[in-house]
*Asks:* 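Pasting in a structure now, in structure tokens, and then I'll have a few things to ask.
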Amino acid sequence: MTHRAIDCLVNVHFGEAGAQPSWMLKVRDDYFNGPRSMFDPVDLAELLGEMDEQGVQKAILMDSLVNPSTTARKFVEAKPDRFALGMGGVDLLRPVHPLRELTAIVSELPVAYAVVGPSFWGDGRYPPSDAVYYPLYAKCAELDLPLCINTGIPGPPIPGEVQHPMHLDRVCVHFPELRLCMIHGADPWWDVAIRLMLKYANLRLMTSAWSPKRLPESLLHYLRTRGADKVIFASDWPVLPMRRVVPEARSLDLPPAVLDNYLYGNAQEFFFGQER
């Protein structure tokens, strides 16, 4: 059986930059051992070709309020049935204007979720339990817009403690209406992330930037048992090509219905329910 898929984290904006920061080059070369073409401009036909080849029906493209991706928005305009946006770049220290802008974009474009990486702004000083995040949480809950937050130690040499999943414990208590998803896995705190998902109905985990064959057995066991509706597939393309990770996902030792949920159903319900 060939399972359909939604790829929930795709980067088409890398090729827009004249030069990548040194930490991005380090991630490519040292962490993922990726090809030099990783940061080349993206061709729409080639991306759609890889999606069709792997049965990927939809992809969520990274975008930013601070540095809007002309490529992502062009692709969404050309193929709104295949693409949606993941919107980052909210200035949490001066949130009023950015949140107004986010509200406007959500009303105009197909935005699947907002996204923030605690290690990647503010010198990694603000964990998700800090009050600076609360306006974003309230706005996303008000808009019924899912929010994705990086968890796990990041690949670049930047502070990682702020991405410990336990920081989301208080967030889930105070914002039960907020649809919240941990992204980029939760290494090395997988068991904490699983325990939090058992505890909170509104919390999910996305395996973006993780080769499915490298996922820990504790997460696969959770998928097979109580977490069949909680774990969501993504590639972090082109860091990990769909041609690599989709076949790896299909090879996991999961029941067919659980695999379909992981590759497609959980994302469809959480990010595209009633085609928001």
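Excluded from the calculations below are hydrogen atoms, water molecules and symmetry mates; all remaining heavy atoms, backbone and side chain alike, are included.
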*Asks:* Among residues two or more places apart or on two chains, list those pairs meeting salt bridge (charged side-chain N to carboxylate O under 4.0 Å, His left out) that have a residue in residues 79-108.
*Replies:* D52-R82
*Asks:* With sequence neighbours left out, write down each residue that passes side-chain hydrogen bond (donor to acceptor under 3.5 Å, both in side chains) with E53, or none if nothing qualifies.
*Replies:*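 side-chain hydrogen bond (donor to acceptor under 3.5 Å, both in side chains) list for E53, sorted by chain: R243.
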*Asks:* What residue pairs, at least two apart or across chains, pass ring-ring contact (aromatic ring centres under 6.0 Å, His included) with a residue in residues 212-240?
*Replies:* F233-Y262
*Asks:* Can you list every pair that meets ring-ring contact (aromatic ring centres under 6.0 Å, His included) and has a residue in residues 46-73, with sequence neighbours left out?
*Replies:*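 Qualifying pairs, neighbours excluded: none.
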*Asks:* Would you please name every residue forming a side-chain hydrogen bond (donor to acceptor under 3.5 Å, both in side chains) with K213, sequence neighbours left out?
*Replies:*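 Once residues adjacent in sequence are excluded, K213 has no partner under the side-chain hydrogen bond (donor to acceptor under 3.5 Å, both in side chains) criterion.
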*Asks:* Could I get the full list of ring pair (Phe, Tyr, Trp, His ring centres under 6.0 Å) partners for W189, not counting sequence neighbours?
*Replies:*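 Partners of W189 under the ring pair (Phe, Tyr, Trp, His ring centres under 6.0 Å) test: H164.
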*Asks:* According to the ring-ring contact (aromatic ring centres under 6.0 Å, His included) rule, which pairs have a member within residues 40-59, sequence neighbours left out?
*Replies:* none
*Asks:* Return a table of donor-acceptor pairs under 3.5 angstrom between the side chains of residues 130-141 and protein atoms on other chains or two or more places apart.
*Replies:*
from	atom 1	to	atom 2	distance (Å)
D130	OD1	V132	N	2.9
Y133	OH	W121	NE1	3.2
Y133	OH	Y126	O	2.8
Y137	OH	P128	O	2.7
K139	NZ	E142	OE1	3.3

*Asks:* Looking at residues at least two apart in the chain, or sitting in another chain, which of them share a side chain to side chain contact (heavy atoms under 4.5 Å, CB included) with D229?
*Replies:*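 Per chain and number, D229 pairs via side chain to side chain contact (heavy atoms under 4.5 Å, CB included) with N266.
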*Asks:* How would you list all residue pairs meeting salt bridge (charged side-chain N to carboxylate O under 4.0 Å, His left out) that involve residues 65-78, not counting sequence neighbours?
*Replies:*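 Applying salt bridge (charged side-chain N to carboxylate O under 4.0 Å, His left out) to every pair that reaches into residues 65-78, excluding sequence neighbours, yields D63-R73.
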*Asks:* Of all residues at least two apart in sequence or in a different chain, which pass the side-chain hydrogen bond (donor to acceptor under 3.5 Å, both in side chains) check with S129?
*Replies:*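 Counting only residues at least two positions away or on another chain, S129 forms no side-chain hydrogen bond (donor to acceptor under 3.5 Å, both in side chains).
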*Asks:* Once salt bridge (charged side-chain N to carboxylate O under 4.0 Å, His left out) is applied, what residue pairs with a partner in residues 161-174 remain, sequence neighbours excluded?
*Replies:*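 Checked against salt bridge (charged side-chain N to carboxylate O under 4.0 Å, His left out) - neighbours excluded - the pairs reaching residues 161-174 are D169-K199.
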